[in-house]
Amino acid sequence: MKKYPCLEIDLGKVSHNVAEINKLATAKGIEIIGIIKGFNAIPEIVQAMIKSGLKFLGASRLENIQPLIAAGIKAEMMLIRIPMLHEVDSVVKLTNCSLNSEISVMEALSLAAIKQNKIHDIILMVDLGDLREGILPEEVYDTAKKIIPLKGIHLKGLGVNFDCVSGFQPSVSALNELVILSQKIEKDLGIVLEVVSGGSTSSLGLVVQDTIPSQVNQLRVGEGILLGHSDIFTNLENTFQDAFILSAEIIELKNKESVPTGKIGRNSFGEIPKFQAEGVRKRAILAVGKQDVYPDHLNPLDKKIKIIAASSDHLIIDVTDSTIDYKVGDEIQFIPSYPGILSITTSKYVSLRFI
Ligand SMILES: *Cc1c(COP(=O)(O)O)cnc(C)c1O
């Protein structure tokens, strides 16, 4: 018996997506770091990623790493959110490598690593335009010069992030800029930088087109593994887009007007809803709500269903046009978006089922 709402996760499909993306990348000399933040680091999914050949995982929160260690999962770990100054000891203890942009944090990481008798790898993030983390290109050289003498840490390479906050898209020219910066540091400072970390899922598009600069040898991929695409419009060949399916139960099914009577003000979420006058429609209420996932992150599998609205614990859908004669107690299935999966796996009210 399923306990609703239920997130069904097809581990075989996740494994398959990992293997396909890894094959695509390996052919171009690129290592894939499997990013686990998008699904709350559920150990079964992490296992599926490792089974398909990933050796290096990336987490954005240290809290996600401890349970994996407890589950006996062995992989190299990268912290992909730049560390808090107050967590450097745990960063060194739990991970092999972190993305960084603040010299004070790297100095603290150095002290922590010396104390723990470890070498912690640093990827220095460069902001090429996304305006999230990273130092500006003109500061890379001076920052690298400060990092190199620090004991206990090792400057492994440069990295960049695209489209996380500004929608700044990956491009060959931006990645070439990163490569040139990397080469300049190697030459002028007499060191070897092993890694050029060229972004995330969105950079896979350049791998498919075979335009990614050959020096880029690492991508940090989460979304592409879960949903088999390089962006929401472009599926990757031979991958599954439906490894994750959310099922919710119908708790009310009635014919009702499509427009409310009376004066419309703000709803419980502070929004003023808009309605289309379509007369009386067959509406179902599902026992799932914004506390689990916002409705714009759900895509009904039954294409004839329309999502109308949601409150914290109710999702209202229009089933009038469906060819299926739904009943109270039936389940309705959705494919969640990437933010949808994040939200659903964070909700303690959604049960998990692995197939
Ligand atoms: C989230 C994130 C990634 C992975 O992004 P996806 O779109 O899930 O592939 C990579 N690097 C950093 C720094 C991130 O924050």
Side-chain angles (χ1 to χ4, degrees), residues 14 17-18 20-22 24-25 30-42 45-46 49 52 54 56-65 76-84 91 95-102 105 121-135 156-170 174-175 178 195-208 212 216-236 239 241 243-244 297 336-346:
V14 174
N17 286 359
V18 172
E20 285 297 318
I21 291 170
N22 209 16
L24 177 74
I30 296 171
E31 181 177 23
I32 297 292
I33 312 292
I35 302 301
I36 62 175
K37 70 179 178 195
F39 56 91
N40 251 280
I42 295 166
I45 303 176
V46 174
M49 290 166 95
S52 302
L54 298 191
F56 219 130
L57 303 175
S60 54
R61 294 167 191 251
L62 293 177
E63 290 90 334
N64 280 162
I65 298 176
E76 289 204 68
M77 276 290 169
M78 176 188 281
L79 182 66
I80 61 166
R81 179 171 68 185
I82 50 173
M84 292 184 243
V91 173
T95 73
N96 311 84
C97 178
S98 56
L99 307 182
N100 283 274
S101 67
E102 289 289 351
V105 174
D121 289 334
I122 300 282
I123 292 180
L124 183 61
M125 294 302 278
V126 184
D127 191 339
L128 296 174
D130 191 44
L131 304 179
R132 201 179 70 180
E133 75 274 46
I135 57 172
K156 197 177 181 188
L158 302 184
V160 64
N161 213 33
F162 296 101
D163 74 7
C164 272
V165 291
S166 313
F168 176 62
Q169 294 299 301
L175 287 171
L178 191 68
V195 166
V196 178
S197 192
S200 59
T201 293
S202 58
S203 295
L204 285 174
L206 302 178
V207 182
V208 173
I212 196 155
V216 172
N217 58 5
Q218 180 186 92
L219 293 178
R220 313 173 304 267
V221 178
E223 180 167 3
I225 289 171
L226 306 188
L227 291 172
H229 58 218
S230 57
D231 61 60
I232 53 171
F233 307 110
T234 320
N235 292 340
L236 294 163
T239 59
Q241 283 71 49
F244 292 77
H297 291 295
S337 69
Y338 189 46
I341 295 171
L342 171 68
S343 165
I344 290 164
T345 52
T346 306

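Owing to the predicted nature of the structure, the values given are computational and were not obtained by experimental measurement. Note: hydrogens, waters and symmetry copies are ignored here, and every other heavy atom, side chains too, is used. Numbers here are sequence positions counted from 1. One-based numbering, in listed order, for ligands and for the atoms of each.
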Notebook entry, point to check: Looking only at atom types and distance, does a side-chain atom of Thr346 sit under 3.5 Å from a main-chain N or O of Leu342, one as donor and one as acceptor?
Noted result: yes
Next item on the list: Can you sort out which atoms of ligand 1 are near Glu223, meaning under 4.0 Å from one of its heavy atoms?
Entry: 6 (P), 7 (O), 8 (O), 9 (O)
Notebook entry, point to check: Rounded to the nearest 0.5 Å, how far does CZ of Phe168 lie from CG of Leu131?
Noted result: 8.5 Å
Margin query: Taking only non-hydrogen atoms of Arg81, do any sit less than 4.0 angstrom from ligand 1?
Written below: no
Notebook entry, point to check: Counting heavy atoms only, which part of Asn161 comes closer than 4.0 Å to ligand 1: side chain, backbone, both or neither?
Noted result: side chain
Next item on the list: Compute the minimum heavy-atom distance from Met125 to ligand 1 and say whether it is under 4.0 Å.
Entry: no
Item checked: Side chain to side chain, Leu236 and Ile21, heavy atoms closer than 4.5 Å -> yes
Item checked: Residue and atom name of the nearest protein heavy atom (relative to atom 2 (C) of ligand 1), distance in Å to one decimal -> Lys37 NZ, 2.5 Å
Margin query: Pair Val195, Ile123 - check side chain to side chain contact (heavy atoms under 4.5 Å, CB included), show working.
Written below: CA-CA 8 Å; Val195 166; Ile123 292 180; 4.0 Å; yes
Note to self: Side chains of Ser202 and Asp231: any donor to acceptor distance under 3.5 Å?
What the structure shows: no
Checklist line | Close-contact set for ligand 1 against Glu133 heavy atoms, below 4.0 Å | finding: 13 (C)
Notebook entry, point to check: Which bit of Arg132 is near ligand 1, meaning a heavy atom under 4.0 Å away: side chain, backbone, both or neither?
Noted result: side chain
Item checked: Close-contact set for ligand 1 against Leu99 heavy atoms, below 4.0 Å -> 13 (C)
Check: Are any non-hydrogen side-chain atoms of Phe162 and Gln169 less than 4.5 angstrom apart?
Finding: no
Check: Is it the case that His229 and Glu223 place a side-chain donor and acceptor less than 3.5 Å from each other?
Finding: yes
Note to self: Considering both backbone and side-chain atoms of Tyr338, is one of its nitrogen or oxygen atoms within less than 3.5 Å of a nitrogen or oxygen in ligand 1?
What the structure shows: yes
Margin query: Taking 4.0 angstrom as the limit and counting only heavy atoms of Ile80, give me the atoms of ligand 1 inside it, by number and element.
Written below: 2 (C), 12 (C), 13 (C), 14 (C), 15 (O)
Next item on the list: Would you please test Ile135 and Met125 for side chain to side chain contact (heavy atoms under 4.5 Å, CB included) and show each step?
Entry: CA-CA 6 Å; Ile135 57 172; Met125 294 302 278; over 6 Å; no
Margin query: Tell me the contacting part of Ile35 for ligand 1: side chain, backbone, both, or neither, using a 4.0 Å heavy-atom threshold, strictly below.
Written below: side chain
Next item on the list: Give yes or no for whether the N/O distance cutoff of 3.5 Å, strictly under, is met between Gly222 and ligand 1.
Entry: yes
